Each structure stands twice: as structure tokens, then as C-alpha cells.
Amino acid sequence: MAKNVRWGILAMGAIAKKFAEGLRDARGAELVAVGSRSQEKADAFGKQFNVPRCHGSYEALAADADVDAIYVATPHPQHKSAAALCLEGGKAVLVEKPFTVNAREARELVALARAKKRFCMEAMWTRFIPAIARVRELIASGAIGEVRMVAADFGFRGGLNPEGRLFNPRLAGGGLLDVGVYCVSLASMILGTPVATTGAAHIGQTGVDEQAGMVLTYEGGKLAVLYTAIRTQTPVEASILGTDGRIRIHNPFFKASRLTITAGGKDETVEIPLRGNGYNYQAEHVGQCLRDGRTESDVMPLDESISILETLDALRAQWKLRYPME
């Protein structure tokens, strides 16, 4: 493989621009190609980010021999098919969260990646930023004792557009898959796979979850208390509560740069600034995995992405929320 990981980006939406910006600050990475269903969109994106090769189809990007890895930035329902196309083309794949629409799709995509012996990972970029890496270190060191609870929220008031991706059931819209997944993934990173899942949601006029509260139960009575919304402002913070202390991940927890550790009756606030926009860290992690010859990440494992989607599926089943493509 070339010294730098040569990246392609598939689909040209807002999240693709964030990843392209992140690649500018990613060590050992360069953006060499983009692919869109429209040549015009590909060319415009390529001009903005100085990309040498702009493809007018996803198939052309997947077949580009000078691309090592592809970031899949489509709406949720196309994650599986686009990622599969890239894997079939021999590319490493980073798939925007949520990994797929449901656990069945995730299991099928993981099976394909493993059969092809190609790298594949969910782009839960929050896991790779320095503040969250510090959280893992603090927990592992016993700084707050045994973790017993996790609390997290992610909500905002989006403009009601029935055809937009947030509110359109055909695009797997709603708060759970868009921003609730951040909360569920954080709980999964810390507590593992829940043994029981419960929650309540308000299903809005377009048929998607506009706000929801969730309680996940783990072995030994550990709990995660989470809430999410796309029509309600929330603090967007997280707390990790242990037997000997707690960690507060300040707003916005998904892009954290500040933690407060409370232990021994004392509070210590630490600043952990980001380099770049934060998306660069996951790109660097993928690059390191590829250089090491690994096909799966130890920070965002494929089996965990499946487990997270099983939790999301269980919640939606309680809410009787099923997307048209399912």
C-alpha cells in the first residue's frame, strides 16, 4: 500500500464535506477520488476539495484502482448496498453511522467483509477523539471505581421537513438512528451489550421518532439512561457514574474537548483539544489498521456494531417503528 492511505468518498452530502475537511488534518491520508450519482455534483465537490478524480457513479469509484479506502456517506438506507459495492471492488470501507438500518443488514455486510477479507468499520468518529480515548483510560485505571451507570443525551430542534432525511421514513429518519446512536454507542463502549432494553418514543406526524427516552440494563444491574430528540433541545452531555467517582463529558459530548473527573471529593476539569474537526482521528485509525494488515478495528469492532443495531432494533420494535424498506 502507498505511504498515504488514498481515500475516496462515496456520496456528496453534508457529512461527506465534514469527512473531507477532516482528511486535510489526518496524518497519512489523502483524498484522491469522489463518487456521486451525478457527475455535476462530483465535479463541484472535487473542485471545492481539490480532488483529482471525480466519478459520476458509485460503481466507477468502487472500481478506481488508485483508491485504498472509501468512506460511505449516503443516507442510512443505502449504507449496506454502497459498502457492499466497495467491498466487492476490493476496497477498505468506512461506513457512516449507523452502520446499517438494522441488525440483519449489519450481519450480512459483516459476513461479506469477512468473506472478502477486507477492512470494514462503522464511522463512529466520537470513539477516536482524544477526550473519549482519555475516558477509556480513566475507566480502565479504576479512577472512578466500578462503573455502575451511564447517562447521555443528544437532541436538537430540527426544522420540520417531511421530505428531508431527518423526518422521512423512507430515509430511515428519526432521532434514534441519527443522533440516538451516539448515546447507545457510548453506553456500549463502556458497559457492553445490554441484557434488557426498554424505552418510550413520541412518533411525529411523518411517522418517525421525534424524541425518545431509553433505559438499558446490563449484567449486575448496571444501567444506561439515555434520551434523544430531533425536535427538542437537550444538554448534549454524558456522565459516567462509578462507585468511587464520576466523569462528566461536557457539551457537546460527541465532539468533546473537556472532561470533569470527580473522585476523592475533588473535581478536576481537563481540557483535551481537538486537532482538526475531529473526523481526522477515525481516518488515522483506519490507516493504522490497514498498515498493520488488520481487517477489523479493536476500538469499533464489527460485532459491536451489530450489537448496537440489535439494541436499536429492539427499541424500535417496542415503538412499532418500522421503515418502508424493511
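Bear in mind the structure is a predicted one, so any value in this text is a computation, not a measurement. Side chains are part of it too, since the values below use all heavy atoms of this structure and drop only hydrogens, waters and symmetry mates. Residue indices begin at 1 and follow the sequence shown.
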Any salt bridge between E326 and R104, counting N to O under 4.0 Å?
no

Before you tell me yes or no, could you show the steps for H285 and M121 under side chain to side chain contact (heavy atoms under 4.5 Å, CB included), namely the whole-Å CA-CA distance, both residues' side-chain angles and the distance that decides it to 0.1 Å?
CA-CA 10 Å; H285 177 78; M121 188 183 88; 3.8 Å; yes

Indicate the atoms forming the closest heavy-atom contact of V101 with A172, along with that distance.
CG2-CB, 4.1 Å

Side-chain heavy atoms nearer than 4.5 Å, only ILVMFWY residues, links allowed to pass through others: does that put V270 and L274 together?
yes

Any chance the side chains of S36 and H55 put a donor and an acceptor closer than 3.5 Å?
no

We want to know whether T197 and T311 form a side-chain donor-acceptor pair, criterion being a heavy-atom distance below 3.5 angstrom.
no

Any donor-acceptor pair under 3.5 Å linking the side-chain atoms of T262 with those of R248?
no

Answer yes or no: does atom CZ of R246 have more than 12 heavy-atom neighbours from other residues, nucleotides or ligands under 6.0 Å?
no

Closest non-hydrogen atoms of V32 and D66, given as atom of the first, atom of the second and distance, are CG2-O, 3.7 Å

Pairing of E146 and R148 as salt bridge, 4.0 angstrom limit:
yes

Lys/Arg-Asp/Glu bridge criterion (N-O < 4.0 Å) met for D303, R114:
yes

Thinking salt bridges, do E59 and R37 make one under a 4.0 Å N-O criterion?
no

Going through the distances and angles, do S257 and E271 end up as a side chain to side chain donor-acceptor pair (under 3.5 Å)?
CA-CA 6 Å; S257 60; E271 302 287 341; 4.7 Å; no

Side-chain ion pair, R165 and D178, N-O less than 4.0 Å:
yes

Would you call R275 and E284 a salt bridge, using N to O less than 4.0 angstrom?
yes

Note: V67 and G8 closest approach over all heavy atoms is CG1-N, 3.8 Å

Salt-bridge present (E30, R6; N to O < 4.0 Å)
no

Any chance you could measure E210, atom CD, to R157, atom CZ, to the nearest 0.5 Å?
8.5 Å

Interatomic distance, L160 atom CG to L166 atom CG [nearest 0.5 angstrom]
10.0 Å

On a heavy-atom basis, the closest approach of V95 and C120 is CG2-SG, 4.4 Å

Under 4.5 Å between any side-chain heavy atoms of L31 and F49, yes or no?
yes

Counting distance only, does the side-chain N/O of T206 pair as donor-acceptor with the main-chain N or O of F167 below 3.5 Å?
yes

Are F19 and W125 close enough that their ring centers fall under 6.0 Å?
no

Going by an N to O cut-off under 4.0 Å, is there a salt bridge joining R53 and D64?
yes

Among E105, E122, E96, E108, which residue satisfies the salt bridge (Lys or Arg N to Asp or Glu O under 4.0 Å) criterion with K80?
E108

Going by distance alone, is a donor N or O of one side chain under 3.5 Å from an acceptor N or O of the other, for T260 and E268?
no

Is a donor on one side and an acceptor on the other found under 3.5 Å between the side chain of T295 and the backbone of F119?
no

Looking at every non-hydrogen atom in both residues, tell me the closest pair between C183 and Y227 and how far apart they are.
SG-O, 4.0 Å

Got a sec: does the CD of E40 have more than 12 other heavy atoms crowding it under 6.0 Å?
no

